[in-house]
Amino acid sequence: MNKVLIHWVAFICSLFMFTSCSQSLGGDVIWDYNNICFNITVQNADGQSLIDPFSAEGDAWMRQIYVEYNGKKFYNDGLAPRTELRAMIEMYRGLYVEKKNDPVKNSFHYVLRFGEFQPQYGTKQAFYVILPDGGRHKIEFTRTANGGDISHHTWVNGLPQTSETDIVLQAKAYRTSAQHAPVYLYVFLPEERDSQLSDEVMSTANVIYHDQKYSLRDIGTPISLALRADKRLIYDTHDRAVGNPYAQQHFLSFGPLTPSDKPIIERVQLRIGRKAWEVDLSCYIDQVSGMLQYHALVINSSDGSTSYRYYRNGPAVYVYHKQP
């Protein structure tokens with residue numbers, strides 16, 4: 001083996017050694033265990049699942065659900081971006097929806113997922129699931145590792161559970177119709193690399209849609225039409241990471257927007273600071289396939305802000321808002 005190859009092998013090994021452990025509140029933690037998420041089934045009194053990400057009523061209902069943990073609120077963020085990764089630190093924490101298969105009944109239903117957690121919680125942790133019908137459910141757990149052995153205990157509203165991560169909650173049913181879930185327009189901001197959005201974006205970003213102006217100052221309710229700002233790991237419709245798969249990215253979202261029954265292109269005006277963009281947006285139900293279709297395109301940009309990407313429940317565009 002030549003010297004160059006030896007140096008490269010040593011360098012790669014050192015990287016693995018460096019990223020394998022870190023200091024936390026509990027001391028040295030070896031990340032050699034799966035992160036886990038809690039799978040939360042919400043059903044009515046008849047045992048029917050109420051988690052429906054593809055109907056208008058189901059989407060509106062789920063957007064009123066949130067989790068409280070360590071003084072923060074986590075609202076539903078749609079379909080889960082990925083499954084747990086082995087030997088990784090807790091990369092994100094959020095509330096998502098995921099399809100859960102039942103091989104025994106040869107069926108499936110959707111669950112809420114909240115996580116992720118490493119086995120480093122010897123002290124009992126507690127988070128609360130708040131449902132639209134006013135239900136407030138307390139979930140407690142401990143999870144530790146000793147060598148290769150995992151110790152996990154879960155309580156729901158004070159009652160010990162036989163399952164470590166599968167939780168069943170009951171709520172009042174809601175009326176459903178054939179309407180499809182709404183669409184959101186996503187605006188990625190690749191120049192925003194700090195932990196917080198810049199003051200320029202927070203104070204000046206706005207959207208004009210149907211002659212109505214929406215700014216980040218007018219959030220409204222979780223289900224009202226509004227412009228919102230967020231930061232998280234970004235995945236496309238095929239579960240591929242957009243950008244750095246381990247770095248959260250800033251973006252704006254505008255919605256919810258109701259899909260039309262035929263292809264119609266609508267104009268959305270976006271402004272940040274002194275820069276403005278015209279976005280052609282289309283979201284509709286294909287009458288042949290019955291599938292939701294959507295796309296968006298920045299049409300008046302000369303700075304590279306014209307690319308778009310299909311996102312989970314709506315299209316996404318990139319804009320570069322900083323002055324040259």
Side-chain angles (χ1 to χ4, degrees), residues 22 24-27 29 31 33-44 49-53 58-86 88-100 109-145 150-172 174 195 219 221-223 228-233 235 248:
S22 175
S24 73
L25 295 178
V29 176
W31 297 318
Y33 306 95
N34 286 345
N35 289 314
I36 60 100
C37 291
F38 288 91
N39 304 311
I40 306 168
T41 296
V42 184
Q43 60 188 30
N44 61 19
S49 175
L50 299 177
I51 305 298
D52 180 8
D59 179 83
W61 187 80
M62 289 190 299
R63 289 190 178 278
Q64 300 175 69
I65 297 174
Y66 61 93
V67 165
E68 292 181 352
Y69 178 64
N70 280 351
K72 296 182 179 180
K73 291 184 178 180
F74 301 86
Y75 284 90
N76 167 42
D77 188 39
L79 295 175
R82 62 181 175 88
T83 56
E84 303 92 349
L85 294 178
R86 182 179 185 275
M88 293 293 294
I89 60 174
E90 296 173 355
M91 293 301 299
Y92 70 88
R93 181 151 295 135
L95 181 65
Y96 302 92
V97 175
E98 184 173 77
K99 181 178 179 180
K100 187 175 180 63
H109 66 282
Y110 290 92
V111 299
L112 295 171
R113 285 169 60 83
F114 181 66
E116 52 190 20
F117 297 98
Q118 273 283 307
Q120 57 186 30
Y121 299 96
T123 302
K124 185 181 288 186
Q125 301 290 298
F127 63 88
Y128 296 85
V129 181
I130 289 77
L131 300 177
D133 64 358
R136 180 182 176 88
H137 301 274
K138 184 178 183 179
I139 315 300
E140 298 172 287
F141 72 94
T142 60
R143 185 174 179 85
T144 58
I150 299 290
S151 175
H152 186 110
H153 301 280
T154 301
W155 298 262
V156 176
N157 296 324
L159 299 177
Q161 304 294 296
T162 57
S163 173
E164 293 183 356
T165 57
D166 291 335
I167 296 168
V168 178
L169 304 178
Q170 186 170 312
K172 295 180 181 178
Y174 55 87
S195 60
I219 296 299
T221 68
I223 61 175
R228 300 174 175 85
D230 210 337
K231 182 183 181 183
R232 65 175 68 97
L233 299 177
Y235 287 76
Q248 295 185 337

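For the pair Val67 and Val129, the tightest heavy-atom approach, listed with the atom from each and the gap, is CG2-CG2, 4.1 Å. Residue Phe74 comes nearest to Gly94 through the heavy atom pair CD2-CA, 4.1 Å, listed as atom of the first residue, atom of the second, then distance. Asp52 and Tyr174 get closest at one heavy-atom pair: CB-OH, 3.8 Å. For Cys37 against Gly115, the heavy-atom pair with the smallest separation is SG-CA, 3.8 Å. Here the closest non-hydrogen pair linking Val42 and Ala171 is CG1-CB, 3.8 Å.
The side-chain contact (heavy atoms from CB on, under 4.5 Å) test applied to Thr144 returns Ser151, not counting sequence neighbours. Looking at residues two or more places apart in sequence or on another chain, you find no ring pair (Phe, Tyr, Trp, His ring centres under 6.0 Å) involving Tyr128. Scored by the side chain to side chain donor-acceptor pair (under 3.5 Å) test, Asp133 finds no partners at all (sequence neighbours excluded). Residues meeting the side chain to side chain donor-acceptor pair (under 3.5 Å) test with Gln43, sequence neighbours left out: none. Residues passing the salt bridge (charged side-chain N to carboxylate O under 4.0 Å, His left out) test with Lys138 are Glu140, sequence neighbours excluded. Annotation: ring pair (Phe, Tyr, Trp, His ring centres under 6.0 Å) contacts of Phe127 (sequence neighbours excluded): Phe38, Phe114. With sequence neighbours excluded, the residues that form a side chain to side chain donor-acceptor pair (under 3.5 Å) with Tyr69 are Gln125. With sequence neighbours left out, the side-chain contact (heavy atoms from CB on, under 4.5 Å) criterion links Gln161 to Thr154, Val156, Leu159.
Taking CD1 from Ile65 and CG from Leu95, the interatomic distance works out to 7.5 Å, rounded to the nearest 0.5 Å. Rounding to the nearest 0.5 angstrom, the gap separating the CG atom in Asn44 from the CD atom in Gln170 is 7.5 Å. Distance check: Leu112 CG to Ile51 CD1 gives 4.0 Å after rounding to the nearest 0.5 Å. Note that NE2 of His109 is 11.0 Å distant from CG of Leu50, once rounded to the nearest 0.5 Å. We find the CG-CG distance between Leu169 and Leu131 to be 6.0 Å, quoted to the nearest 0.5 Å.
Taking 4.5 Å as the limit, some side-chain heavy atom of His152 sits within range of a side-chain heavy atom of Phe141.
Under the side-chain contact (heavy atoms from CB on, under 4.5 Å) rule, Phe117 has a single partner from Asn35, Ile36, Asn34, Thr165, which is Ile36.
Using a 30° and 60° split on the angle between ring planes, His153 and Trp155 fall in the tilted class, from 30° to 60°.
Within the structure, salt bridge (Lys or Arg N to Asp or Glu O under 4.0 Å) contacts touching residues 155-169 (residues at least two apart or in different chains) are Lys100-Asp166, Arg143-Glu164.
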